Q: 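Handing you a structure now.
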Amino acid sequence: MRIAFIGGGNMAQALMIGLQQRGFSMQHITVVDPDTTKHTTLQTALGVTTADSATEALLAVDVIVIAVKPQQLQQVAQTLAPLLNAQLVVSVAAGIRTADLSRWLGGYPTIIRTMPNTPAQIQSGITGAFALPAVSAAQRTQADDLLQAAGEVVWLDDEVQLDAVTAISGSGPAYVFLMIEALSAAGVALGLSEAQSLQLSLATFKGASLLAAGSQTPIATLREQVTSKGGTTEQGLLSMRQHDIHGMMQHAAEQAARRAKELGDQLGAQA
Ligand SMILES: NC(=O)C1=CN([C@@H]2O[C@H](COP(=O)(O)OP(=O)(O)OC[C@H]3O[C@@H](n4cnc5c(N)ncnc54)[C@H](O)[C@@H]3O)[C@@H](O)[C@H]2O)C=CC1
Ligand SMILES: O=C(O)[C@@H]1CCC=N1
């Protein structure tokens, strides 16, 4: 499989590192990015070919992954439109709907819209994906192979669900990083050094996540196993409930999903 990435920023790099870690032939990847300051790192660290603008020859690949900001997508799509023939186009842009991308690409039919996340770079990502009907079974398999290099893949039948995926797993790593930062800061406030508290917090998030992911036991039961009657955890959880942890997460996800829909509505309205 030959791949061209349009945009070589954070998400594209996370996916490429995932591919590299899985033994993908990196000389089969071309990255188009006008920010030439990124080219040396992309070439040396990842072994990919770079270019500052797309040409028909550079896009003679199986899969084109568009990884630019949603606000840049329309202009990028209009540049790509005359250069396409039968390649599969995979978009990672938040909010932008396949109908709008297809229109910007001149009525292009073979598009998969996805929402990956940055743990892709350690093959621990998860991607939600939605394919237009014109995408062939072979192209879907190609996209699945590419995305599996980044971690798990969840195929969706309804494109609307991608805004929820964006709110949960696309943005989710940032929520987790914020919680690690917060738990770590709490440890410092209780007298631990920054290094000690970060070590304890990181190992706790990692250990609890691995335990939950690898266990048949319901998560609520795992939580109860930590919570001794009359003990310490009970007090910590009581405080979290008093601060409405469920409401807080619900509201955060709703706001992120709302923004995904808003990006789709606003940017998709462009001709
Ligand atoms: N960062 C994340 O955690 C995730 C990001 N995404 C999506 O990935 C996309 C990219 O986001 P990031 O990688 O975070 O942004 P980024 O800013 O790190 O990367 C965007 C890249 O596009 C390049 N670019 C700008 N104009 C271009 C053009 N005309 N042609 C080619 N490249 C061009 C920029 O130079 C930059 O390197 C966004 O649409 C975002 O919604 C999706 C899932 C997670
Ligand atoms: O914040 C954003 O818009 C992108 C999409 C999901 C994660 N980062």
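Ligands are counted one by one from 1 in listed order, and the atoms in each one are counted from 1 as well. Model, not experiment: these values are computed from the prediction.
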Q: Give the protein residues with at least one non-hydrogen atom closer than 4.0 Å to an atom of ligand 1, ordered by chain and number.
A: Ile6, Gly7, Gly8, Gly9, Asn10, Met11, Val32, Asp33, Pro34, Asp35, Lys38, Ala67, Val68, Lys69, Pro70, Gln72, Val76, Val92, Ala93, Ala94, Met115, Pro116, Thr118
Q: Pair up each side-chain donor or acceptor in residues 80-97 with any protein partner under 3.5 Å, not counting sequence neighbours, and list the distances.
A:
residue: Gln87; atom: OE1; partner: Asn85; partner atom: N; Å: 2.8
residue: Gln87; atom: NE2; partner: Leu59; partner atom: O; Å: 2.6
residue: Ser91; atom: OG; partner: Ala93; partner atom: N; Å: 3.1
residue: Arg97; atom: NH1; partner: Asp265; partner atom: OD1; Å: 3.0
residue: Arg97; atom: NH2; partner: Lys261; partner atom: O; Å: 3.1
residue: Arg97; atom: NH2; partner: Asp265; partner atom: OD1; Å: 2.9

Q: Under 4.0 Å from any heavy atom of Gly170, which atoms of ligand 2 are there?
A: 6 (C), 7 (C)
Q: With a 4.0 Å cut-off on N to O distance, would you call Glu262 and Arg258 a salt bridge?
A: yes
Q: Has the side chain of Gln148 got a donor or acceptor atom that lies under 3.5 Å from a matching backbone atom of Asp144?
A: no
Q: Any non-hydrogen protein atom below 4.0 Å of atom 2 (C) of ligand 2?
A: no
Q: Between the main-chain N or O of Ile122 and the side-chain N or O of Ser124, is there a donor-acceptor pair closer than 3.5 Å?
A: yes
Q: Taking atom types as modelled, find out whether Glu234 and Thr227 have a side-chain donor-acceptor pair closer than 3.5 angstrom.
A: no
Q: Show the atom names and distances, to 0.1 Å, of all donor-acceptor pairs under 3.5 Å that link a side chain in residues 188-197 to residues at least two apart or in another chain.
A:
residue: Ser193; atom: OG; partner: Gln196; partner atom: N; Å: 3.0
residue: Ser193; atom: OG; partner: Gln196; partner atom: OE1; Å: 3.3
residue: Gln196; atom: OE1; partner: Ser193; partner atom: N; Å: 2.9
residue: Ser197; atom: OG; partner: Ser184; partner atom: O; Å: 2.7

Q: In terms of residue, atom name and distance, what is the protein heavy atom nearest to atom 4 (C) of ligand 2?
A: Ala94 CB, 4.7 Å
Q: Does anything in residues 30-42 pair up under salt bridge (charged side-chain N to carboxylate O under 4.0 Å, His left out), and if so which pairs, sequence neighbours excluded?
A: Asp35-Lys38
